[in-house]
There are 2 protein chains.
Amino acid sequence: MSAPDNVIKLHADAARPSPRPHFCSTCAFSDACCSEGYQDNAVAQMRALLVDEVRTLQEGEHVFREGERFDAIAAVRAGTVKTYVVDREGREQVLDFYLPGEVVGLNAIHPDIYPCNAVALDTVVLCSFTFARMRELAGVMPNLRDRLFRLLSQDIGKAALLAGDYSADQRMAAFLVALSRRYARRGLSASRFNLSMSRTDIANYLRLAPETVSRVLRRLRGQQLIEIDRRDLRLLDLPALSALAAPVLR
Amino acid sequence: MSAPDNVIKLHADAARPSPRPHFCSTCAFSDACCSEGYQDNAVAQMRALLVDEVRTLQEGEHVFREGERFDAIAAVRAGTVKTYVVDREGREQVLDFYLPGEVVGLNAIHPDIYPCNAVALDTVVLCSFTFARMRELAGVMPNLRDRLFRLLSQDIGKAALLAGDYSADQRMAAFLVALSRRYARRGLSASRFNLSMSRTDIANYLRLAPETVSRVLRRLRGQQLIEIDRRDLRLLDLPALSALAAPVLR
DNA sequence: CGTTCTTTTGATAGCTCTCAAGTCGCGTGG
DNA sequence: CCACGCGACTTGAGAGCTATCAAAAGAACG
């Protein structure tokens, strides 16, 4: 196949004391590795098998662009990735944001080309996985295979959330609560974090006008539900926000 | 692994003359079977391996209900299946319609319970696939494995279409054009077919009020784009409809 | 043939978009 | 250090599209 020397090299590399916990803790495939029955530095071998490349991108750099031939999926390790398309009127449609521990590019498997653009919103670290190799490994690693199935299945209903016809306030609350939960799962604060995306990005994601986003945030601030300065966000009343978002998040 | 006895039994069963072409032509997994390297009645063996049960449902009967434990996915062979959820205000949200050749239940893999309801809109014939077995077979049948990956990947972007903020006319045109294409792929007429869903279903799917659906259809009829009587639909100007739907369908 | 649900039609209100202007923050260059 | 300029964000006023409320017409059912 490809890059066997690379594998060997990395295997040798893995013989050294393994930085596994530090490196893999935020990886979407960590459980696929770690519960595969291997342990300790064997996990590092697994990582060497799976991870094709570790990349660092600066703000504005693209992970991939629409129309490029699909070759790899990528697990975000740090930073935020935004996927979007541009319709023929030139309007940008934000499809999703990907936080550490989440996987970009799964929607490219079927068309075999990337159906959207993916760009770094800040400094991003990600692990690339050549999908052809991953697909083969899925044949011999049941846990990896199941992990892939679940990751794919998980993404199916993802966009359904903002497909509903909810008010701008409900959608914004749902967006903030969802972010909070995703940050919390990663071990960060659920009540205070920095928005890595612009108001316009949020607007394009929630299918609102940027002005509406601004107005909604002011409204939520007026209700003492949030406190926001620039991109520094504090969720003052998570229960109330959750209640507001409840119809959207189901 | 598991169920070897079952496999053997089914192999024996499959030794009989196979009705493959008739039976498999509209199956979502036909290519996974037929391109696996097997031929003729070996395909029937494959089918016997894969297909858990062939079911016929009458209008209103459910394939599965929200919250039930996930056990199987189902390929629609005839009829139309609607998936939906009911939010806490009692409003029905239609998630998708499934025509012959399409697969229901893929979004249940991750949560391991069905996240929505699936109901027959007319007389439906479908093949059930026990997912646990399918997952195992995916380990030894590369084509089946890849087929599953692609089916899953395909569904990810599916709902993104109506997530955009388009006008009611654009969304309706996109809906009709998409239906036309899906029927055409199945070998049916692309310009005339019966809507198997009610106006209310369409409204809940497109996130419009039923009244709006009615008005939009009248508008499209007035523009000589369609002709519609009850649920008998004729697309009079497919190019114009496609143009109208273009921003939505991308 | 009456009942019931679906669909259609009309009038009104409300939410969000659009257009427009102004403010703020920040990097650049004088 | 400060003025400038650019972009992001905020704020305001008005228009448009769709939802809502209300009611009637039509089809399907027993």
Side-chain angles (χ1 to χ4, degrees), chain A residues 58-60 82 87 89-94 119 121-122 162-176 194-222 226-233 244 247-248, chain B residues 58-60 82 87 89-94 119 121-123 162-176 194-223 226-233 244 247-248:
Chain A
Q58 298 306 318
E59 177 182 342
K82 171 185 80 171
D87 66 17
E89 281 97 23
R91 297 183 306 178
E92 176 176 308
Q93 306 249 12
V94 174
V119 65
L121 292 183
D122 43 26
L162 31 74
D165 61 332
Y166 301 103
S167 73
D169 296 63
Q170 287 175 313
R171 284 226 278 278
M172 177 62 72
F175 174 66
L176 298 180
N194 258 82
L195 294 175
S196 42
M197 64 293 289
S198 69
R199 301 284 193 272
T200 301
D201 284 338
I202 298 175
N204 290 337
Y205 178 64
L206 298 179
R207 275 55 174 165
L208 299 172
E211 296 93 330
T212 303
V213 168
S214 189
R215 278 185 259 267
V216 169
L217 288 175
R218 181 162 55 89
R219 215 144 45 205
L220 294 179
R221 208 183 49 202
I226 67 172
E227 194 171 324
I228 186 166
D229 172 51
R230 182 89 180 127
R231 292 188 179 181
D232 178 36
L233 177 70
L244 185 54
V248 185
Chain B
Q58 298 306 318
E59 177 182 342
K82 171 184 81 172
D87 67 17
E89 281 97 22
R91 297 184 306 178
E92 176 177 308
Q93 307 249 12
V94 174
V119 66
L121 293 183
D122 43 28
T123 301
L162 31 75
D165 61 332
Y166 301 103
S167 72
D169 296 62
Q170 287 175 312
R171 283 225 279 281
M172 177 63 73
F175 174 66
L176 297 181
N194 259 79
L195 295 174
S196 42
M197 64 293 290
S198 70
R199 302 285 192 273
T200 301
D201 285 337
I202 298 175
N204 290 336
Y205 178 64
L206 298 178
R207 273 57 174 166
L208 299 172
E211 296 93 329
T212 303
V213 168
S214 190
R215 279 185 260 265
V216 169
L217 288 176
R218 181 162 55 88
R219 215 144 47 204
L220 294 179
R221 207 183 52 199
Q223 298 171 249
I226 66 171
E227 192 171 326
I228 186 168
D229 171 50
R230 182 83 183 127
R231 293 189 178 181
D232 178 37
L233 177 69
L244 185 55
V248 185

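The analysis underlying the following values was restricted to heavy atoms, covering all of them including side chains, and did not include hydrogens, waters or symmetry mates. In what follows, every chain begins at residue 1, and chains take the letters A, B, ... in the order their sequences are listed.
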May I have the distance from B/N204 (atom CG) to C/dT7 (atom P), rounded to whole angstrom?
11 Å
Where A/V216 and A/A168 come nearest, the two heavy atoms and their spacing:
CG2-CB, 3.7 Å
Mind listing the closest non-hydrogen atom pair of A/M172 and A/L217 along with its distance?
SD-CD2, 4.0 Å
Give the rounded distance in Å between these two atoms: CD of B/E89 and C1' of D/dA19.
15 Å
In this structure, how many angstroms lie between the C1' atom of D/dA27 and the CG atom of B/D229, rounded?
11 Å
Given D/dT11, D/dC21, D/dC9, identify the nucleotide with an atom nearest to the side chain of A/E211.
D/dT11
How close do A/R207 and B/D165 get, heavy atom to heavy atom, and via which atoms?
CG-N, 3.8 Å
Quick one: is D/dA28 close enough that its OP1 or OP2 comes under 4.0 Å of any side-chain N or O from B/R230?
yes
Send over the distance from A/R219 CZ to C/dT16 P, rounded to a whole Å.
6 Å
Looking only at side-chain N and O atoms, does A/S214 come under 4.0 Å of OP1 or OP2 in D/dC9?
no
CZ of B/R207 versus P of D/dA19: gap in Å, rounded?
12 Å
Just checking B/R171: base, sugar-phosphate only, or nothing, at a heavy-atom cut-off of under 4.0 Å?
nothing
Against the side chain of B/L208, the closest entry in D/dA19, D/dT11, C/dT7 is D/dA19
All heavy atoms of B/Y166 vs all of A/R91, minimum pair found to be CE2-NH2, 3.5 Å
Take A/P210 and B/R91, find for each the nucleotide of DNA chain D with the closest heavy atom, and name the residue whose nucleotide sits nearer the 5' end.
A/P210
Among D/dT18, C/dA20, D/dC9, the one nearest any side-chain atom of B/S167 is D/dT18
Taking only side-chain N and O atoms of B/T212, does any of them lie within less than 4.0 angstrom of OP1 or OP2 on D/dA19?
yes
Between B/R215 and C/dT9, is there a contact of a side-chain N or O with OP1 or OP2 at under 4.0 Å?
no
Without decimals, in angstroms, what is the distance between A/L220 CG and D/dT10 C1'?
15 Å
In this structure, how many angstroms lie between the P atom of D/dC17 and the CE atom of B/M172, rounded?
17 Å
Distance check needed: C/dT7 P versus B/R221 CZ, whole Å only.
14 Å
Over all atoms of both residues, closest heavy-atom pair of B/V119 and B/G60:
CG2-O, 3.4 Å
Using a 4.0 Å heavy-atom cut-off across all strands, classify A/A168 as base, sugar-phosphate, or nothing.
sugar-phosphate
Side-chain atoms of B/R218 come closest, of C/dT9, D/dC9, C/dT18, to C/dT9
